[in-house]
Amino acid sequence: MSGPRAEVLAIGDELVHGSAVDTNSAWLARQLEDLGIAVVRFTVVSDTPAELDRALGQACARADLVVATGGLGPTEDDRTRHAAAAAAGVGLAFDPASWATIEAWFAARGRAAGEDNRRQALVPAGGVALPNRWGTAPGLRLGIGRCTLFALPGVPAEMRAMFEHCVVPGLRELFAARLNPVVHRTLNVLGPTEAALGARLEDVMAAVEGPVRVGITAHFGLLRVRIAATAADRESAAAAADAMADRLRPRLGEELVYEGDQSLAERVLAELREQGATVATAESCTGGLCAKVLTDLPGASEVFVGGIVCYANRSKVRDLGVPADLIEAQGAVSEPVAAALARGAAERFGAGFGLGITGIAGPDGGTADKPVGTVCFGLHARGSTRSWRRRIAPVSREFVRERSVFEALAALLRALREDPVPGEPGPPSPAR
Ligand code: ATP
Ligand code: MG
């Protein structure tokens, strides 16, 4: 049996005027795909009644499922419930139960619901209000012909919470017999360009509709190879996904940094915690970004000791103990200086691992010898220090900096896997 066909509808003047970007649709599509529901079309439409009515009516006429976001607020221009009623050819009625939920939401915050909010308790005949515990606007579920419409608030956090709590259970009940489980595997790669990796995986990526699909997404040079496998049961889907991962690993070689959905920083933090190891940073061109991505994560205090942004040469000398004559002889962007930064960070903070990053983020400051994008890295690991240089594509200052942080963290992750910290309990099994 073929699975349901879904469309996603993003509603709001701000989206079509370009003052806000539709991120809801992409998020919803990923969730739906994970459930085994294929999304075949996105529509972004303004709040203008005629446009909204037409877009919503057409989507519901084409699809088995429409998930809409936005236009459920209390004001005149929030017309999603009206458009839904019009598409179904039914009237709107005031729903006292939904109103009670809205009033309770305000009361819990010491406020009273306004007259305007009564609009939000209107429900098309035959539909149900989806209670919103995260905001004021209730969602809506309504059958329109053979299509089921779920309308959710536009605010991304509310939309996501309501999707998980109100829509997913509904989808399972509606489409259970037609949904095939989907199992994902993610291989995270650092080194090749997206195009080069695409060429390497061309044969398996060509199968866009088969039971096992492979896609690449790129984020500042970190490439995620995502395998999605479907089958009649979860075990078969998992086996198919694993078989594809086994087939791809040899093609990725050393450039495969880690596997799974975690971010690289999360993976590094988890590995540090598992080993009871600690890290410190000395950053020049990344200006503290490496320290930031690590400390963005809860639990960082257990493993991240501290970092220094040593932007000027005199800070590299004074704060990290880099010999002034080394900078003089080799330049601030050089492997020996990167190594001295890494060692200096580890020693000054008393950490087992130290990272040093020094480079030319651009757009200015490049030379023939060291063009923009030249970045040198140092890694001090368990008493020994090594350093290396990369020519990062000078796409933008931001790209060079973000890509540099990935480079440093990937090297740290590799070093963490090499051997356990002497004198400290290692991981249960060295095979990872
Ligand atoms: P609420 O009553 O909670 O405001 P609503 O359904 O009326 O719900 P909107 O007024 O349309 O929501 O949007 C509220 C906020 O959510 C705005 O800041 C808007 O930019 C944001 N938003 C709306 N739609 C999207 C979308 N598709 N992607 C990302 N953000 C969105
Ligand atoms: Mg709106």
Side-chain angles (χ1 to χ4, degrees), residues 6-33 37 39-56 58-60 63 65-87 92 94-95 97-109 111-124 127-142 149-167 170:
E7 297 199 17
V8 175
L9 179 64
I11 301 161
D13 281 351
E14 70 278 16
L15 304 173
V16 291
H17 293 163
S19 56
V21 175
D22 169 29
T23 54
N24 287 352
S25 298
W27 187 87
L28 284 167
R30 287 195 298 272
Q31 305 301 309
L32 291 166
E33 299 269 347
I37 298 175
V39 174
V40 295
R41 193 189 289 236
F42 284 1
T43 306
V44 184
V45 68
S46 76
D47 295 312
T48 311
E51 298 295 342
L52 172 55
D53 288 355
R54 186 157 52 226
L56 193 140
Q58 288 175 348
C60 291
L65 169 70
V66 171
V67 182
T69 69
L72 291 175
T75 58
E76 268 301 307
D77 60 0
D78 291 307
R79 288 194 61 269
T80 300
R81 55 192 80 253
H82 298 77
L92 284 163
F94 180 76
D95 178 356
S98 184
W99 177 237
T101 309
I102 296 169
E103 284 193 302
W105 190 90
F106 278 99
R109 283 152 188 82
R111 289 152 60 196
E115 236 352 81
D116 282 353
N117 295 108
R118 291 181 73 89
R119 276 171 68 87
Q120 295 181 291
L122 294 174
V123 179
V128 289
L130 306 173
N132 180 353
R133 284 191 272 129
W134 304 268
T136 65
L140 174 68
R141 171 176 168 176
L142 178 68
L149 167 73
F150 287 91
L152 303 176
V155 180
E158 291 178 32
M159 182 281 295
R160 288 196 288 263
M162 288 189 68
F163 182 84
E164 273 151 25
H165 287 82
C166 309
V167 180

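Both ligands and their constituent atoms are indexed starting at 1 by order of listing. Everything numeric in this text was worked out from a predicted model, so none of it was measured.
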Validation row: L72, N132 side chains within 4.5 angstrom (heavy atoms): no
Close side-chain approach of N24 and D22, heavy atoms under 4.5 Å: yes
Any donor-acceptor pair under 3.5 Å from T80 side chain to G70 backbone: yes
Mode of L15 contact toward ligand 1 - side chain, backbone, both, neither (heavy atoms, under 4.0 Å): side chain
N24 and ligand 1 - part of the residue with a heavy-atom distance under 4.0 Å: both
Considering all heavy atoms, the nearest [X]-[Y] contact:
X: S46; Y: V16; value: CB-CG2, 3.6 Å
X: P138; Y: R81; value: O-NH2, 3.7 Å
X: G114; Y: W99; value: O-CH2, 3.7 Å
X: P74; Y: N117; value: CB-ND2, 3.7 Å

Element-labelled atoms of ligand 1 that are located less than 4.0 Å from some non-hydrogen atom of [X]:
X: E158; result: 3 (O)
X: D78; result: 7 (O)
X: A20; result: 20 (O)
X: A137; result: 2 (O)
X: T69; result: 27 (N)
X: V21; result: 28 (N), 29 (C)
X: A10; result: 27 (N)

Closest to atom 29 (C) of ligand 1 (judged by heavy-atom distance), picking from L28, T23, T75: T23
Identity of the nearest option to atom 9 (P) of ligand 1, non-hydrogen atoms only, from G71, G12, P156: G71
Working for side-chain contact (heavy atoms from CB on, under 4.5 Å), residues D47 and R79: CA-CA 7 Å; D47 295 312; R79 288 194 61 269; over 6 Å; no
Parallel, tilted or perpendicular: ring planes of F163 versus W27, cut at 30 and 60 degrees: perpendicular
Test of proximity, P74 against ligand 1: N or O pairs below 3.5 Å: no
Close N or O approach (L72, ligand 1; < 3.5 Å): yes
